[in-house]
Amino acid sequence: MKQISPIHHINKPIEEVFDTISNITLFAEHHPLMRKAECVGENKYVMYENMKLFQGVMIPFSYNAEITQLEKNRKVEIVAKPNFLMSILLSFSFIELKGKTEVRELVTVKGPWPFSTILINLIRTTHLQLIESIRKS
């Protein structure tokens, strides 16, 4: 199991940041590798991404995900199953700070080494780009 727990600060109201991350369609628009999210049931989605491999080679793939709002404007969890060996839990907590938002992210990747290490490093990089895209929007 691998984990990262970055903290991000965004100069936007908490409602706007929460709505962007909790709405999986908006989340996909800001995510640098996601092409789209297709709803297949209540809170259940098929996520379509391009995985960037070595030397810029992009491989399209899809996986199932479920999103849960645990507390309105306070916490969102996304559980993703890229394949039968791997699972990902993305947990986002939101704190309002004088009109700005602090986002505490906890990413847990379960799966065999070296795949879990590669995936956690990919998530670290892409989520920095995700947050930067939300900041600029």
Side-chain angles (χ1 to χ4, degrees):
M1 179 175 75
K2 300 285 184 188
Q3 285 189 319
I4 56 173
S5 53
I7 297 174
H8 313 283
H9 293 92
I10 302 174
N11 286 333
K12 293 182 180 271
I14 193 169
E15 297 84 8
E16 185 178 340
V17 176
F18 179 85
D19 288 346
T20 301
I21 291 176
S22 66
N23 179 326
I24 204 71
T25 303
L26 291 175
F27 183 89
E29 288 176 12
H30 288 279
H31 196 286
L33 299 180
M34 280 189 194
R35 296 187 329 266
K36 71 176 181 174
E38 180 180 300
C39 185
V40 293
E42 187 174 343
N43 299 326
K44 296 180 189 303
Y45 296 85
V46 175
M47 310 302 289
Y48 296 91
E49 289 194 22
N50 287 320
M51 175 155 301
K52 189 175 183 180
L53 298 179
F54 307 104
Q55 300 176 350
V57 174
M58 300 296 268
I59 304 293
F61 75 103
S62 63
Y63 57 90
N64 295 322
E66 187 170 347
I67 186 167
T68 307
Q69 295 181 24
L70 300 177
E71 298 175 54
K72 179 65 176 155
N73 291 338
R74 296 290 180 238
K75 190 164 186 176
V76 172
E77 286 188 352
I78 301 171
V79 177
K81 302 277 186 178
N83 59 47
F84 70 94
L85 294 173
M86 307 290 295
S87 67
I88 304 165
L89 172 62
L90 308 173
S91 180
F92 298 91
S93 299
F94 305 85
I95 300 168
E96 189 168 21
L97 303 168
K98 298 179 184 175
K100 300 175 185 177
T101 304
E102 179 177 280
V103 180
R104 295 178 180 211
E105 183 178 9
L106 176 62
V107 179
T108 304
V109 175
K110 293 181 182 176
W113 183 91
F115 303 110
S116 58
T117 300
I118 292 167
L119 191 53
I120 201 83
N121 288 328
L122 179 65
I123 292 169
R124 178 183 289 119
T125 301
T126 58
H127 282 208
L128 287 174
Q129 295 170 11
L130 165 76
I131 295 297
E132 190 58 31
S133 177
I134 294 169
R135 282 186 185 119
K136 290 179 178 178
S137 67

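The basis for the numbers below is simple: all heavy atoms, side chains too, and nothing from hydrogens, waters or symmetry mates.
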Under a 4.5 Å cut-off applied to non-hydrogen side-chain atoms, are Met58 and Leu33 in contact? yes
Can Phe84 be reached from Met86 by stepping across I, L, V, M, F, W or Y side chains whose heavy atoms are under 4.5 Å apart? yes
Are side-chain heavy atoms of Met34 and Thr126 found at a separation under 4.5 Å? no
So, taking the atom named CD1 in Ile24 and the one named CG in Asn43, what distance separates them when rounded to the nearest 0.5 Å? 10.0 Å
Reported OG-to-CG distance for the pair Ser91 and Leu70, which is rounded to 0.5 angstrom: 7.0 Å
Which of parallel (below 30°), tilted (30 to 60°) and perpendicular (above 60°) describes Phe92 and His127? parallel
Mind listing the closest non-hydrogen atom pair of Val46 and Ser62 along with its distance? CG1-CB, 3.9 Å
Do the non-hydrogen side-chain atoms of Lys72 and Phe18 ever get within less than 4.5 Å of each other? yes
If you take all heavy atoms of Ile134 and Lys12, which pair is closest and at what distance? O-CE, 2.9 Å
Given the rule that I, L, V, M, F, W and Y join up when any side-chain heavy atoms are under 4.5 Å apart, are Val109 and Phe61 in one cluster? yes
Do His9 and Lys100 have side-chain heavy atoms sitting under 4.5 Å apart? no
For Tyr48 and Glu38, which heavy atoms make the closest approach, and how far apart are they? OH-OE1, 3.6 Å
Strictly distance-based, threshold 3.5 Å: is any side-chain N or O of Ser133 a donor or acceptor partner for the main-chain N or O of Gln129? no
Partners passing salt bridge (Lys or Arg N to Asp or Glu O under 4.0 Å) against Arg135 (at least two apart in sequence or in another chain): Glu132
Side-chain heavy atoms of Met1 within contact of Ser116, under 4.5 Å: no
Within this structure, what is the CG-CD distance for the pair Asn23 and Gln69, rounded to the nearest 0.5 Å? 9.0 Å
Just jot down the side-chain hydrogen bond (donor to acceptor under 3.5 Å, both in side chains) partners of Glu66, sequence neighbours excluded, or say none. Lys44
Rounded to the nearest 0.5 Å, what separates atom CD1 in Ile21 from atom CD1 in Ile78? 8.0 Å
Please determine whether the number of non-hydrogen atoms from other residues, nucleotides or ligands lying under 6.0 Å from atom NZ of Lys110 exceeds 12. no
Ionic contact status for Arg104 with Glu102, cut-off 4.0 Å: yes
Out of curiosity, Lys136 NZ to His30 NE2, how far, rounded to the nearest 0.5 Å? 12.0 Å
Just one of Ile14, Ile10, Ile7, Ile95 clears the side-chain contact (heavy atoms from CB on, under 4.5 Å) bar with Val103, so which one? Ile10
In terms of hydrophobic clustering (I, L, V, M, F, W, Y; side-chain heavy atoms under 4.5 Å; direct or indirect links), are Leu26 and Ile67 co-clustered? no
Do Thr68 and Val76 have side chains that approach each other closer than 4.5 Å (heavy atoms only, starting at C-beta)? no
Identify the heavy atoms of Tyr63 and Ala80 that sit nearest to each other, and give their distance. CE1-CB, 3.6 Å
Is it the case that one hydrophobic cluster holds both Phe115 and Val57, taking links as side-chain heavy atoms less than 4.5 Å apart, direct or via other members? yes
Return the CG to CG distance between Asn83 and Asn64, rounded to the nearest 0.5 Å. 11.5 Å
Tightest non-hydrogen contact, residues Leu130 and His31, listed as CD1-N, 3.7 Å
Is there a continuous path of hydrophobic side-chain contacts, each under 4.5 Å between heavy atoms, that joins Leu122 to Leu85? yes
Nearest heavy atoms of Ala37 and Tyr45, plus distance in Å: CB-CD2, 4.4 Å
Does the side chain to side chain contact (heavy atoms under 4.5 Å, CB included) test come out yes or no for Leu128 and His8, once each step is laid out? CA-CA 9 Å; Leu128 287 174; His8 313 283; 4.1 Å; yes
